[in-house]
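Note that these values count all heavy atoms, side chains included, but never hydrogens, waters or copies made by symmetry.
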Amino acid sequence: MSSPRIEPVLEFDHGRFLPLSGGLSPTELETFLTTWAEYNDAEDPRGLLDQEMTLFPGGLRVVRASGASVNPGCCCGLEDWREWSNLLDREHVWMGHDPGVVQEFVGDGIRFSQEGRELKIDLPLRDLPGLLTRVHEDLWGLLALVERERGPEVATLLDRDLHITDPFP
């Protein structure tokens, strides 16, 4: 049985998530940029340039090889993705509400489940550093794509709020 993976996602429509990486299609990139702008009360990403901070609806989700997933709930934000390293210290991370995510430390792992669903996904804590490194790589790819397609100003803003180019342990 293969280990679950963790992926950065943007919630672009109530309960619909877009996995983020440098491999987004033009339509997916437009969905990302439009959702990001509108969530922060702007018409497009250039309208965000004067804001001190922007937020990203979504977060990280845990996905089984089958595709079944535990998704971030409402009010969770991708901007907090680095906090997932706190799980290594057995500290819970905010994953939103409605539906909320239950996190239980079980032995040498953590179990994720979504309120109102029977699905449970177990993740060995020893796998977490590598999985978060993969999330970081996905975000680097997204940053490169945004810079190529929308220019350095928008990419700089994205990096500022997601802390992509900051060193990751």
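Hydrophobic clustering places W140 together with L29 (ILVMFWY residues linked when any side-chain heavy atoms are closer than 4.5 Å, directly or through intermediates). Residues V135 and L128 share a hydrophobic cluster, clusters being chains of Ile/Leu/Val/Met/Phe/Trp/Tyr side chains in contact below 4.5 Å. Neither Y39 nor W81 shares a network with the other; the hydrophobic side chains, linked directly or stepwise wherever heavy atoms of I, L, V, M, F, W or Y lie under 4.5 Å apart, form separate groups for each. Criterion: ILVMFWY side-chain heavy atoms under 4.5 Å apart, direct or through other members. Under it, I121 and V102 are not part of a common hydrophobic cluster.
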Review point. Which is it for L49 and Q51 under the side chain to side chain contact (heavy atoms under 4.5 Å, CB included) test, yes or no, and what are the steps along the way?
Key: CA-CA 6 Å; L49 294 174; Q51 294 190 20; over 6 Å; no

Point to revise | Derivation of the side chain to side chain contact (heavy atoms under 4.5 Å, CB included) call for L24 and L18 | key: CA-CA 9 Å; L24 296 180; L18 175 65; 4.3 Å; yes

Practice item. Mind running side chain to side chain contact (heavy atoms under 4.5 Å, CB included) on L87 and E91 for me, showing each step along the way? Key: CA-CA 5 Å; L87 292 170; E91 295 176 20; over 6 Å; no

Practice item. Apply salt bridge (Lys or Arg N to Asp or Glu O under 4.0 Å) to E30 and R150, showing your working. Key: CA-CA 10 Å; E30 191 60 35; R150 291 300 174 102; 2.5 Å; yes

Practice item. Go through the steps for W84 and L131 under the test side chain to side chain contact (heavy atoms under 4.5 Å, CB included), then give the verdict. Key: CA-CA 10 Å; W84 274 58; L131 293 170; over 6 Å; no

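No donor-acceptor pair under 3.5 Å is formed between the side chain of E147 and the backbone N or O of A144. Under a 3.5 Å cut-off, the side chain of S85 and the backbone N or O of R82 do form a donor-acceptor pair. In this structure, E115 contributes its side chain and G100 its backbone to a donor-acceptor pair below 3.5 Å. The closest donor-acceptor contact from the side chain of S21 to the backbone of G23 lies under 3.5 Å. Side-chain N or O atoms of D159 include one that pairs as donor or acceptor with a backbone N or O of I164 at under 3.5 Å. A donor-acceptor pair under 3.5 Å is absent between the side-chain atoms of D127 and the main chain of G130, judged by distance alone.
Counting non-hydrogen atoms of neighbouring residues, nucleotides and ligands closer than 6.0 angstrom, the CG atom of D108 reaches no more than 12 such neighbours. For D13, the CG atom counts as densely surrounded, since its 6.0 Å shell holds more than 12 non-hydrogen atoms of other residues, nucleotides or ligands.
A side chain to side chain contact (heavy atoms under 4.5 Å, CB included) with L10 is found for one member of T35, L78, L33 and no other, namely T35.
The shortest non-hydrogen separation linking P45 to A37 is N-CB, 3.7 Å. Between C76 and G59, the closest heavy-atom pair is SG-CA, 4.4 Å.
In this structure, the separation between CD on E104 and OG on S113 is 5.5 Å, given to the nearest 0.5 Å. Taken from CD in E11 to CZ in F17, the straight-line distance is 4.0 Å, to the nearest 0.5 Å. The structure places OG1 of T54 at 6.0 Å from CG of L48, a figure rounded to the nearest 0.5 Å. Rounded to the nearest 0.5 Å, atoms CG (L162) and CG (L143) are 8.5 Å apart. Taking CE from M53 and CG from L157, the interatomic distance works out to 11.0 Å, rounded to the nearest 0.5 Å.
The closest side-chain heavy-atom distance from V70 to L119 is below 4.5 Å. When side chains are defined from C-beta on, L60 does not count as touching E7, because their heavy atoms never get closer than 4.5 Å. In this structure the side chain of H97 reaches within 4.5 angstrom of the side chain of C75, judged on heavy atoms. Inter-residue side-chain proximity for R111 and Q103 is flagged as unmet; no heavy-atom pair is nearer than 4.5 Å. Counting heavy atoms from C-beta outward, L20 and D138 have side chains that stay 4.5 Å or more apart. At least one side-chain heavy atom of L55 sits under 4.5 Å from a side-chain heavy atom of N40. The closest side-chain heavy-atom distance from I110 to L125 is below 4.5 Å. With contacts defined as side-chain heavy-atom distances shorter than 4.5 Å, the pair R134/I6 does not qualify.
Aromatic ring centres of F12 and W36: separated by at least 6.0 Å. Note: H163 and F168 fail the aromatic proximity criterion, with ring centroids not under 6.0 Å apart.
In summary, E153 and R46 engage in a salt bridge, as defined by a charged side-chain N under 4.0 Å from a carboxylate O. Note on E118 versus K120: no salt bridge recorded, every NZ/NE/NH1/NH2 to OD/OE distance being 4.0 Å or above. Salt-bridge formation is not detected for the pair R160/E52: no Lys NZ or Arg NE/NH1/NH2 atom is positioned less than 4.0 Å from an Asp or Glu carboxylate oxygen.
The aromatic rings of F56 and F32 sit parallel, their planes meeting at an angle under 30°, below the 60° perpendicular limit.
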